[in-house]
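Notes follow the structure.
Since the structure is predicted, the reported quantities are computational estimates derived from the model, not experimental observations. Within every chain, numbering begins at 1; the chains are lettered A, B, ... in the order of the sequence lines, protein sequences first and strands thereafter.
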2 protein chains.
Amino acid sequence: MPSTHAPIRRKVTLIDIAAACDVSRATVSLVLRNSPLVNRHTRERVQAELQRQGYIYNRAAANLRKRTSSSIALVLNDLANPFFAEFAAGVDEEVGAAGFVTLLGSTGESPERQQAVLGSLIEHGPGGIILSPAEGSDASRVMESLGPQMPVLLFNRELGGDLPASAHWDRLMLDNARGAELATMHLIEQGHRRIAFFGGHAQSSSCQQRRAGFMKAMKRARLKVPGDYLVESAPTRLDAARACDALFASDPAPTAAVCYNDAVALGLMLGLGQRGLQPGRNFALTGFDNIGEAAMVSPSLTTISTAPRERGRQAARLLLARLGHPQERGERTIVPVELIVRDSSCPPLAA
Amino acid sequence: MPSTHAPIRRKVTLIDIAAACDVSRATVSLVLRNSPLVNRHTRERVQAELQRQGYIYNRAAANLRKRTSSSIALVLNDLANPFFAEFAAGVDEEVGAAGFVTLLGSTGESPERQQAVLGSLIEHGPGGIILSPAEGSDASRVMESLGPQMPVLLFNRELGGDLPASAHWDRLMLDNARGAELATMHLIEQGHRRIAFFGGHAQSSSCQQRRAGFMKAMKRARLKVPGDYLVESAPTRLDAARACDALFASDPAPTAAVCYNDAVALGLMLGLGQRGLQPGRNFALTGFDNIGEAAMVSPSLTTISTAPRERGRQAARLLLARLGHPQERGERTIVPVELIVRDSSCPPLAA
DNA sequence: GTTATTTTTTAGAACGATCTAAATAGGGCG
DNA sequence: CGCCCTATTTAGATCGTTCTAAAAAATAAC
């Protein structure tokens, strides 16, 4: 015998409240929006009824009528990357504080999935999009699926290809070149002369910028960088550990490395350990991002702080501000970065 | 002189397409939904026009009319916690694959913020909610802001207070007791006799369950657990490092500890190092969660794998399945856990 | 008791889609 | 040619809100 179910109640709407209070829909709507037009007595009656029936505001219907939006889409490669997780937390914090809600999408670093995700998100009518593009994704395709009107904030990476001139997209970029330059200068000051740049995909814009900063500092110090001192890897711990061998294929081997990011640096530490080297004793290295782990690992990691949570907040603020003025020229913000010196950047052994 | 702007185009809607093709709204709507009713020739004409005008489907309007939803709300304490970040990634993966979109909300472990966040999310009309409750939040308040109809999947923690009987909420819980039991048994097999349970808030349900599993294993092995072998801390690295002293206040001090989770275990390692102890050599410890870091840290951390990404997928699948049958009785799923033995769980020195 | 003024309320048309039920268009057949 | 049947198309109501313009009620002024 089937169990008896509670009757399925329809959702309660403005109309139900209006009927119960014997006023019009319009009045209830005014009460909901705290309009001063409605009489104090009526207001109280209506509010009590809203409470009593457990009314839930239907923001989608309101947005439809008002032609507004109350959401922001956030599209990232991978939440499992702590840098992006922190960033997302920051975005959501600020977006929520502004009364908006965050729509999430992840691309897994695939331009095709990115297209699909953008296509799906856009149908839900977000007011704007914060996008950290997948590697290899291209401006015109993104533009195509977003339409020319959608406010967009690009974070962390540039898109390949040219932006149609009509796009007024904002950008929030880390000062990658400066960060790598700071790290390199620090290693040079420690006394290193043979310094490598380790990890990252050479074609990604952030890697190019970091390499450029590295080269700049090396050049200024009149230090040579042999071709095999530039080692590529996927920006993950595992692949970095694997790529460690390539670093010691060159002769003479480097005594220090500026790593593409913290994940790569941690992977390199692992690889060094497997070769019997002690990072922070007979090999120096620096990271980039200052993820939580950097301070905890042993030896603790000298790195570049980018304050991802604060970047998330900043990205949200920039985009929310843009919602008001969609037609103004897009701005490019470059955030300064900071060198955090810890134990991994030791002086060379035979100084 | 102000720059000339492109004219602000209204968004293109069904009506625009219908007008351009000289057909009715209804026909265009049918084309959008790939109905077999519409003539092949007409369909092609309409599709071309959709393309040409850059039409974007307004899912909110459709949902309003159809009384459906195409989103799932995900409410977590903190995305910056890698366990939850992985979980969120899994949820989003599965939710996206089902054609839904994820609405994000974070509570920062505060029941008040949780209420606010739920209140805001619910107005956007998600089809269901995945909630990992903030510590100390209570069932009836949550129920109050969600209404009795909303499908809910509780993850990881129970809510305080009693659930109204009308709620058909699903639960997805880790087998906390079994996990802690496995870890404890492993340490006992290694030869430890004085084992502590370290970290976590004693009032949280997950901590209680893990402690219970710990006690069960200890009791079965007829080992005593003095009161000061149960040490509390916030479930963070920093606070765990601080709480390390409490572990060695007791005499005789323990030779091993089952930690509340990996974050706490990593913090304890740090604290041990500051006392001149070497985790994995003269003190053994285990974690819980198997976060990415656990394998990379030195010594690598013996822990309990909960596969958070897969749990995220599972949570999404459970909730999506529930959308079809909102009135059926809620189910409680307990996922098995697995012991991952690594280097941190050494035998006692003077075995 | 009018009329003017202010305060409060409301009917009805939006918003952009879908659905129902009915209209129209083609074909085939006697 | 007229009738029936199937294939296509569509007018108009609807989802739950807000907006506009105007009506109704209360208050003030004379």
Practice item. Look only at the side chain of A:Arg33 and the backbone of A:Ser29, and say whether a donor-acceptor pair between them is shorter than 3.5 Å. Key: yes
Point to revise | Ring geometry between A:Phe84 and A:Phe155 (parallel below 30°, tilted from 30 to 60°, perpendicular above 60°) | key: perpendicular
Practice item. Could you tell me the separation between the CG atom of A:Leu37 and the P atom of D:dA26, rounded to a whole number of Å? Key: 17 Å
**Study point:** Value in whole Å for how far the P atom of D:dC19 lies from CG of A:Leu14
**Key:** 12 Å
Practice item. Rounded off to whole Å, could you give me the CG-to-C1' distance for the B:Leu64 and D:dA13 pair? Key: 13 Å
Point to revise | Nearest-angstrom distance from the residue atom CZ of A:Arg25 to C1' of D:dT14 | key: 12 Å
Check your understanding: 5'-most contact on DNA chain D: B:Arg45 or A:Ala61, nearest heavy atom basis?
Key -> B:Arg45
Review point. For C:dA17, does OP1 or OP2 lie under 4.0 Å from any side-chain N or O of B:Asn58?
Key: no
Study note, to complete from the structure: The nucleotide from C:dG16, C:dC19, D:dG16 with an atom nearest the side chain of A:Thr13 is D:dG16
Check your understanding: Between D:dA11, D:dT17, C:dT18, which nucleotide gets closest to the side-chain atoms of A:Tyr57?
Key -> D:dT17
Review point. Are any of A:Thr27's side-chain N or O atoms less than 4.0 Å away from OP1 or OP2 of C:dT10?
Key: yes
Review point. Nearest to the side chain of A:Arg67, which nucleotide is it out of C:dC15, C:dT18, D:dT10?
Key: C:dC15
Point to revise | From D:dT10, C:dT9, D:dC19, nucleotide with atom closest to A:Lys66 side chain | key: D:dC19
**Study point:** Working for side chain to side chain donor-acceptor pair (under 3.5 Å), residues A:Asn63 and A:Ser70
**Key:** CA-CA 7 Å; A:Asn63 281 333; A:Ser70 54; 3.0 Å; yes
Point to revise | Nucleotide of D:dT17, C:dT18, C:dT10 approaching A:Val23 most closely (side-chain heavy atoms) | key: C:dT10
Review point. Going from OG on B:Ser71 to CG on B:Leu121, what distance comes out if it is rounded to the nearest 0.5 angstrom?
Key: 9.0 Å
Exercise for review: Would you kindly give the NE2-to-P distance between A:His41 and D:dA26, to the nearest whole Å?
Suggested key: 12 Å
Exercise for review: State the CD1-CG distance between B:Ile72 and B:Asp92, to the nearest 0.5 angstrom.
Suggested key: 11.5 Å
Check your understanding: At under 4.0 Å, does any side-chain N or O of B:Thr42 touch on OP1 or OP2 of D:dT9?
Key -> yes
**Study point:** Out of C:dC19, D:dC19, C:dA17, whichever nucleotide has its closest atom nearest the side chain of A:Ala26
**Key:** D:dC19
Review point. In whole Å, what is the span from the NZ atom of B:Lys11 to the P atom of C:dC15?
Key: 14 Å
Exercise for review: Look at all strands and tell whether B:Arg33 reaches a base, only sugar-phosphate, or nothing, counting heavy atoms closer than 4.0 Å.
Suggested key: sugar-phosphate
Point to revise | Closest to the A:Ala62 side chain, choosing from D:dC19, D:dT17, C:dA17 | key: D:dT17
Check your understanding: Does atom CD of A:Gln53 have more than 12 heavy-atom neighbours, drawn from other residues, nucleotides or ligands, at distances under 6.0 Å?
Key -> yes
Point to revise | Rounded distance in Å - CG (B:Asn63) to P (C:dA17) | key: 12 Å
Check your understanding: Where each residue is assigned the nucleotide of DNA chain D containing its nearest heavy atom, which of A:Arg59 and B:Arg40 is assigned the position nearer the 5′ end?
Key -> B:Arg40
Exercise for review: Measure from CZ on A:Arg43 to C1' on C:dT9 and round the result to the nearest Å.
Suggested key: 13 Å
Review point. Between B:Ser24 and D:dT10, does any side-chain N or O lie under 4.0 Å from OP1 or OP2?
Key: yes
